[in-house]
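Reminder, nothing fancy here: chain letters follow the sequence lines and each chain counts from 1.
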Number of protein chains: 2
Amino acid sequence: MRSAAVEQTVHPTEAIDSSLPPRQRILIAARDLFYRFGIQGVGVETIAETAGTNKMTLYRHFESKELLVAEYLSGLAAEGERFWDDLDRQYPGDALAQINAWMDEICNQKSRWRDGGCALVNAAIQISDPDHPGRRVIEQTKRKHRERLTALCLASGLSEPQMLADQLFLLVEGSRVFQRSLGPDGCACDLRALFARILASHEPLAVAAP
Amino acid sequence: MRSAAVEQTVHPTEAIDSSLPPRQRILIAARDLFYRFGIQGVGVETIAETAGTNKMTLYRHFESKELLVAEYLSGLAAEGERFWDDLDRQYPGDALAQINAWMDEICNQKSRWRDGGCALVNAAIQISDPDHPGRRVIEQTKRKHRERLTALCLASGLSEPQMLADQLFLLVEGSRVFQRSLGPDGCACDLRALFARILASHEPLAVAAP
DNA sequence: CAATAATGTTACCGTACGGTACCGTTTGTA
DNA sequence: TACAAACGGTACCGTACGGTAACATTATTG
């Protein structure tokens, strides 16, 4: 990343709360910058400066850039986990409601995810080294998310639950990555309609045409 | 990319036909290396050496790395276009057969695409600069592929063709990117079964349970 | 206050990269 | 054979990056 790219950006990385401990500020900065400019597109120096500190302090908290990346990804994983847990807490025992809430959350992306795709997927593509410590995090997290959705579908009483889960899961993965391919102005597909259609086609009682 | 990474790779980039003109060899090398190690993960020097030439000759044929990347992407786009054209030539007028052949091709990935996801998607994620000359190629190509699939679905006589197309398209995008998130050993979903299920649910005559 | 830990500052090292200048060598072709 | 175009080789420039050393400064805490 040319340091110029930081300055000219529309979101100049709104100042990070300077009362936070440096380590946390660094993670916040890393999260923002890695997501916007890519892992290889951001240098540690830029991260430190964005965090209101310097490279030395960064290296006192993180052994290497690789491990900083791994912790960045772990943070995303934890956030995802929290999201699923909240769903379960919000609609306990009601799998279908949880699925619907999950879909709503996906459609209202702007809040939790920005329009640059799934950060874990992006990282998976930006990290070519198979031994990178972040890869484990990505693989485990993605696997777990799929399993949680599968469990919900199984509990929902809908037909062919495994297929339903895969269909929904891949649809979301595809939708987010397609958005990224089209650029910020490219209008993607109508996810809400697709969700509804898929759910309907998995209704346990076969709904025949009138 | 550490040059060590090239040596230790299992596929040491099987030698490129040295009778080809340098420009073509460079594009072949670039295609292989960009795909395996990422665009930012490969230096021009490595590309030139892999192509059996040197950096100077590379810069005699390509103004900059950016433009080399753009041409790399254009090559992928052209190949995709050829694929769709071949489909139409192979099953002229039979949209459903073309759709099925497309699905087969996707499922037999290993031939045309390797197991590292769609190169265009990967590039879209690896290129953060919105003014990169490769972005136009990516956006146009992805849009066009979606349109071609939509056209086929419209001509197929299946119900709700636009939704069907989006469902299939996003499913494929998601499947390939999910594979990348899981790593080479992670078993993905059963695409064939999902395809069949989706097609069945779009049969124009409502098929009721017996 | 004293002592210790955490942070800031600056300078630096080694390496890799994108890109270019210069010159020698091959190749094709009139 | 002669000449021009294309190619190979090498050295180099400027910059950026990951990472470290050494020291000054501030906070904590007893």
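Atom CZ in A:Phe37 sits roughly 12 Å away from atom P in D:dC17 (whole-Å rounding). Put simply, CG on B:Leu58 is 11 Å from P on C:dT20, counting in whole angstrom units. Taking atom CD of B:Glu49 as the reference point, atom C1' of D:dG8 lies 12 Å away to the nearest angstrom. Rounded to a whole Å, the CG atom of A:Asn54 is 17 Å from the P atom of D:dA22. Rounded to a whole Å, the CE atom of A:Met56 is 9 Å from the C1' atom of D:dG19. Rounding to whole angstrom units, CD of residue B:Gln40 and P of C:dA16 are separated by 18 Å. In this entry the distance linking CG of A:Leu33 with C1' of D:dG18 reads 16 Å, nearest Å. Rounding to whole angstrom units, OH of residue A:Tyr59 and P of D:dC17 are separated by 11 Å.
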I'd like a table of atom pairs between the protein and nucleotides 4-6 of chain D - only N or O on both sides, under 3.5 Å - with the distance next to each one.
none

Check: protein-nucleotides 12-15 of chain C nitrogen or oxygen pairs below 3.5 Å:
none

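The shortest distance between side-chain heavy atoms of A:Leu149 and A:Asp166 does not fall below 4.5 Å. B:Leu199 has its side chain within reach of B:Met103: a pair of non-hydrogen atoms, C-beta onward, lies under 4.5 Å apart. In this structure the side chain of B:Ile99 never reaches within 4.5 angstrom of the side chain of B:Phe195, judged on heavy atoms.
The phosphate of C:dT7 has neither OP1 nor OP2 within less than 4.0 Å of any side-chain N or O from A:Arg25. Contact check, A:Thr57 against C:dG8: a side-chain N or O comes under 4.0 Å of OP1 or OP2. Here A:Thr53 reaches the OP1 or OP2 of C:dG8: one of its side-chain N or O atoms lies under 4.0 Å away.
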| query | Hey, mind stepping through B:Asp129 and B:Glu66 against side chain to side chain contact (heavy atoms under 4.5 Å, CB included) and telling me if it holds? | reply | CA-CA 11 Å; B:Asp129 177 9; B:Glu66 272 198 349; 4.0 Å; yes
| request: Applying ring pair (Phe, Tyr, Trp, His ring centres under 6.0 Å), run through A:Phe178 and B:Phe169 and close with a yes or a no. | output: CA-CA 9 Å; A:Phe178 182 45; B:Phe169 187 83; 4.9 Å; yes
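Residue A:Lys65 has its side chain nearest to D:dG19 when only C:dG19, D:dG19, D:dA22 are considered.
The structure places CG of A:Leu33 at 10.5 Å from CD of A:Glu49, a figure rounded to the nearest 0.5 Å. B:Glu147 contributes atom CD, which lies 12.0 Å from atom CG of B:Leu152 (distance to the nearest 0.5 angstrom).
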Return all side-chain donor-acceptor pairs below 3.5 angstrom for residues 55-64 of chain B, not counting sequence neighbours, or 'none' if the list is empty.
{"unit_1": "B:Thr57", "atom_1": "OG1", "unit_2": "B:Thr53", "atom_2": "OG1", "d": "3.3"}
{"unit_1": "B:Thr57", "atom_1": "OG1", "unit_2": "B:Asn54", "atom_2": "OD1", "d": "3.0"}
{"unit_1": "B:Ser64", "atom_1": "OG", "unit_2": "B:Leu67", "atom_2": "N", "d": "3.3"}

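Under a cut-off of 6.0 angstrom, the local environment of CZ in B:Arg192 is crowded, with over 12 non-hydrogen atoms contributed by other residues, nucleotides or ligands.
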